[in-house]
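Notes follow the structure.
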Amino acid sequence: MDNSYCSCCFNNNVMDMNNNIEKKWQTEWKNNHVFESKIDNNRPKFFVTVPWPYTNGSLHVGHGRTYTLGDIIARYKRLEGYNVLFPMGFHESGTPILAFSERLRENDPDTIKLYRSYLEEYEEKGNIDRLIESFKEPENIANYFADKIINDFTALGYSIDWTRRFTSADADYQEIVKWQFKKLKDLNLIKQGNYPILYSIKDENAVGEDDIKDGDVDKVTIEEYTGLILENDDFNLIAASVRPETIFGITNAWISNSLYTIFEYNNKHYAVSKEAFTKLSYQYNIKFVKDIKPDEITSRKFKVPLLNEYIDVYIADFVDPDNATGVVYSVPGHAIYDYYYIKKLGLKLNIKKVIAIDNISVEKLLERYGYEEKSLKEATQELYKAEYYNGILINSGNYSGLSVKDARDKIKNDLISSGKAIIVYETSRKAVTRSGSKVIVAVINGQWFIDYSQPWLKKKTHEMIDEMAFYPEFYRKIMADAIDWLRERPCARKRGIGTRLPFDNEWVIESLSDSTIYMVGYTNLKYLRNIYNELGEIPDEILNYVYLNGDFPENYKKFREDIQMARNEFNYWYGVDLRITAPPHISNHLSFYLMNHAAIFEKDKYPKGLIISGLVISNGAKISKSKGNVISLLKIKEKYSADIYRLFVAVGADISSLLDWNEKDLSAVIKRYESFIDIMNNFEFKNDDGFIYKWFASRFYSNLNDYFNLMASYKIRDAYISIFYNVLNDIKHLELRHGDVNAAVSMILKDWLIALSPVIPHTCEEYWHRYIENSFVSLKTLDKNIANRIDNYTIESENYIENLINDIREIKRAAKISGSGALITVYGDDQEYFIKNYNNLTGKFKIAIPDYMKNKQRIMNKMIDEYAIINENIDYIQEMTSLKIEVNRSNKIDKKNPWPGRPLIRII
RNA sequence: GCGGAGAUUGCCGAGCCAGGACAAAGGCGAUGGAUUCAGGGUCCAUUUCCGCAGGGAUUCGGGGGUUCAAAUCCCCCUCUCCGCACCA
């Protein structure tokens, strides 16, 4: 708590300076068009994308991580000499913006509060009401926040080429989406069918997880029941079950003591509970006939299909009329409830066994759990599970001998195809929307799907995945599994912002499906736009030519220049070399992204790499409004500056792991950054040489080498620990050695600023201009050929000195003595001879073998001139140990010897 | 249930894929010291235990195995986290 004090001090000084500096360079970059990418055939290209943000509100720390990683990588790739394209656009498709706008129109207090909180960060108090009023028009929300996000991204120093910006609501972009869907249809990947969804009768709308009360903590899913038709000449009864394989064990049926409804379906009459009728009317085209009392059912007998026997119906209070059809059939041989109630009601029924399984049965379970109502549920679960995994059907006609698993699907399908059963959908639990209206399952007729189940498409996508790069690697398998798991996916809905299906105007393409290949637009939409503006469409012939190397569209040759540019830009930049996203996208966006590319494009346009970064939490908790730990990007850059945020994102956690945004870790990063600023502000060019400068330069290039190697696999954190933290530590060490910091930094400043610039670009740009030259460090490249600048002999020598000092200290501590001096004996000719001729030693040398073996682990294999090195650094050793140091060379081999890297030390 | 990730020394968190110099990086915290210093700054040292000579003992969720050698490889167990669809 108290150290908030110190970050305040920091805020006042460095922070203000930083904000000015940052704005200055952002303006310079923009005015000089530094990050606007152009085709350059002399350089390899690198196309990096992050998902376009959804514009229904402002972004927070969590969102910022992915974008910041994208920018760091874009900048690093420039530094490596690539021609980089790092674009951005905005997502406006789908229902949320529409829904928020609607709620504002209804003056919903929560929504008003939410938007007020967004706006308070950006606007003067006086403007807020006016803006909220304007948000009643959905596009005003989208436009407002798109602008704010551009500002935020600019303020964080992102090197985005904004000239290529577009949104998913732009009419010209939507021409590409339409073209894409026509392609998918040509490939037979578009289908139509019935589809169950969660639905609110009162709202007359589909409901998502977010709309359901406690939907995030207790998920609601759609359950599929088999509605078995029990026949009677007056009317049929529909009994719902999740275990159709037990049909041969039916002895009776149960209903509740409540109202039932008779309806007409395909000219026949059926009865279900009154509640069930309402729900079924959203699943089937049925007509109300009349309500009846339960005794109209219990007074009749009904015939069970397949079994071909007539059964009685009884009233039981465990039957819930508001679950499925409100009618259940009874299999006392294999259902705990049924058995219990038959005994309880004293019914004389012939209990049949139709599943063979060892060591478990209804009777045994009831004995174990006790004949009590409260334990029935638990016993049921145990029984169902055991029978499902281990049961074999018996006494079940043609189905005898099948496993329960197999029989379930087979009997269900046979019943449905012969008209003896229908599918009945029900929610997995009773659920209501946030506004309190009941959630049921409705079946949408004529729903459009993309069929991702096609084997040829899965195969192609798997081949793509095999070729791609994944960071971290383990996501390759997760991605492949997600592809296998994908089936038909609804791709359109009746409302929301987006593109209309080109072959069915009633439907709007669903928001994730319209954004699977949108990155193509970054390469060339600005040229296609010219065509759209004139024609009001972008004809397929043009897009086929541009994206699929089709024939030149002679009909449109007056647009030859734009068409040619669009095609060149696409062929030069596409495919996406690296896409950076987060884990929640794997089973949806990323799967569609890969599969749509596999379906439509040639291999050389496939995605080439994927980074999946970890989540961001804030102060140890998931970021959410309710926890009050949402920190907007705007606030971050105001409070900490862009470079500090970027540095924290880079070094705060490994790319794949959880990043916790918290004051403590942050202040550690700030401390290091401040010491860098300190060095830089006090810098002036100086010349000096000597051992420690040689060491420092070697260490720097060794760190730089590590940086290159680590960045090659996007280990950004480790790379910056090398080039930032390690170098700062070396500078501290150099000070301890009484080296001149400025002289040392003079040797490496240019390369250091370039290497740091991807993470702290503003800071680097500032010092680059101040000390180096008037050009943009953001566009400089670094030479990787630095092996000759690393002098390992010097590095090892310094290590040797440090080890020596540590040994002397340890001896002093362990021996609890404090002499005034130390005599150091380093290895001599005899020891050197010993090591070189270890395999055929003779005479006097044999005496040293035990000593050599004992110390072997710490003997350096490379020999350095220890005598000279100690003498060269003797002042430092004396200072660090507070001992007067004397050195000599060993002149004989003995029982106890100094060895390379392991001198003898005697405190005197 | 299915699939995935993980459990490391006070805390956070590297290392594990390619076994050996690992008592195990780094940060935070703690302790001692330095700094013409009055204790929120900076620097140095220590931070599993034992040790009057640079050493030894015991550790990396639990158990077993492979190996000259295991935090690292194999098997079993326990526990934690994440995803499972129409929602951007």
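Each chain gets a letter, A, B and so on, in the order the sequences are listed, and its residues count up from 1. We use all heavy atoms of the structure for the numbers below, so side chains are in, but hydrogens, waters and symmetry mates are not.
Between A/Arg493 and B/A88 there is a side-chain polar atom (N or O) within less than 4.0 angstrom of OP1 or OP2. OP1 and OP2 of B/G13 both lie 4.0 Å or more from every side-chain N or O belonging to A/Arg717. Contact between the side-chain N/O atoms of A/Ser667 and the OP1/OP2 oxygens of B/C28 is not found at any separation under 4.0 Å. Neither OP1 nor OP2 of B/A21 sits under 4.0 Å from any side-chain N or O of A/Arg902. At least one side-chain nitrogen or oxygen of A/Ser511 sits closer than 4.0 Å to the OP1 or OP2 atom of B/A88. The side chain of A/Lys671 places an N or O atom within less than 4.0 Å of a non-bridging phosphate oxygen (OP1 or OP2) of B/C28.
Across all strands shown, B/G19 forms no Watson-Crick or G-U wobble pair with both distances under 3.5 Å. When both distances must be under 3.5 Å, the Watson-Crick or G-U wobble mate of B/U72 does not exist. B/G10 is paired with B/C28 under the criterion used here, namely a Watson-Crick or G-U wobble arrangement in which both key atom distances are under 3.5 Å. In this structure, B/U67 forms no base pair with any nucleotide, since neither Watson-Crick nor G-U wobble geometry is met with both distances under 3.5 Å. The partner of B/C43 is B/G33, by the rule that a Watson-Crick or G-U pair needs both atom distances under 3.5 Å. For B/A57, the paired base is B/U48 (Watson-Crick or G-U wobble, both distances below 3.5 Å). Of the nucleotides present, B/C84 is the one that pairs with B/G1 by Watson-Crick or G-U wobble criteria, both distances under 3.5 Å. Across all strands shown, B/A38 remains unpaired; no Watson-Crick or G-U wobble contact has both distances below 3.5 Å.
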Without placing hydrogens or testing angles, list every side-chain donor-acceptor pair under 3.5 Å for residues 716-723 of chain A, not counting sequence neighbours.
from     : atom 1 : to       : atom 2 : distance (Å)
A/Arg717 : NE     : A/Val651 : O      : 3.2
A/Tyr720 : OH     : A/Tyr707 : OH     : 3.3
A/Tyr720 : OH     : A/Ala755 : O      : 2.9

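For the pair A/Leu734 CG and B/C43 P, the interatomic distance rounds to 14 Å; values are reported in whole Å.
The line from OG of A/Ser513 to CZ of A/Phe181 is 5.0 Å long, rounded to the nearest 0.5 Å.
Here the side chain of A/Phe474 is nearest to one of B/G54, B/G4, B/A88, namely B/G4. Of the candidate nucleotides B/G3, B/A85, B/A88, B/A85 has the atom lying nearest to any side-chain atom of A/Leu486. Distances from the side chain of A/Ser657 to the nucleotides B/A85, B/A14, B/C44 place B/A14 closest. Nearest to the side-chain atoms of A/Leu736 among the listed nucleotides B/A14, B/A85, B/C44 stands B/C44.
When ring centroids are compared, A/Tyr282 and A/Tyr199 come within the 6.0 Å threshold.
Using a 4.0 Å heavy-atom criterion, one finds that A/His589 contacts no nucleic acid atom at all. Contact annotation for A/Pro903: base contact, defined as any heavy-atom pair under 4.0 Å involving a base atom. Across all strands, A/Asp481 comes closer than 4.0 Å only to sugar-phosphate atoms, never to a base (heavy-atom distances). Within the nucleic acid shown, A/Leu512 comes within 4.0 Å of at least one base atom, counting heavy atoms only.
Comparing the P positions of B/G55 and B/G63 gives a spacing of 30 Å, expressed to the nearest Å. Comparing B/U47 with B/G10, their P atoms are spaced 14 Å from each other, to the whole Å. With C1' as the reference atom, B/C17 and B/A71 are 14 Å apart, rounded to whole Å. Annotation: B/C11 and B/A30 have their C1' atoms spaced 11 Å apart (nearest Å). Going from the P atom of B/C44 to that of B/C28 covers 12 Å, rounded to whole Å. With both ends at atom C1', the span from B/U9 to B/C49 equals 12 Å, rounded to whole Å. When the C1' atom is compared between B/A24 and B/U59, the two are found 10 Å apart, to the nearest whole Å. The same atom, C1', is picked in B/A18 and in B/U72; the two are 11 Å apart, to the nearest Å.
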Next item on the list: Run the numbers on A/Glu798 and A/Arg699 for salt bridge (charged side-chain N to carboxylate O under 4.0 Å, His left out), then give the verdict.
Entry: CA-CA 10 Å; A/Glu798 181 64 13; A/Arg699 282 277 301 175; over 6 Å; no
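Taking the ring centre of A/Tyr876 as origin, the terminal cationic atom of A/Arg737 falls inside the region bounded by 6.0 Å and 45° from the ring axis. With A/Tyr593 as the aromatic partner, A/Arg579 meets the cation-pi criteria of under 6.0 angstrom to the ring centre and within 45 degrees of the ring axis. Remark: A/Arg672 is positioned above the aromatic ring of A/Tyr725, its terminal NZ or CZ atom under 6.0 angstrom from the ring centre and at most 45 degrees off the axis.
Checking A/His91 against A/Ser515 by side-chain atom types alone, a donor-acceptor pair falls below 3.5 Å.
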Polar-atom pairs under 3.5 Å, protein N or O versus N or O of nucleotides 45-53 of chain B: list them with distances, or write none.
from  : atom 1 : to       : atom 2 : distance (Å)
B/A53 : N6     : A/Ile907 : O      : 3.3
B/A53 : N1     : A/Ile907 : N      : 2.9

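Residues satisfying the salt bridge (charged side-chain N to carboxylate O under 4.0 Å, His left out) criterion with A/Arg65, sequence neighbours excluded, are absent altogether.
Relative ring orientation between A/Tyr115 and A/Phe100 is described as perpendicular, the plane-to-plane angle rising above 60° on a 0-90° scale split at 30° and 60°.
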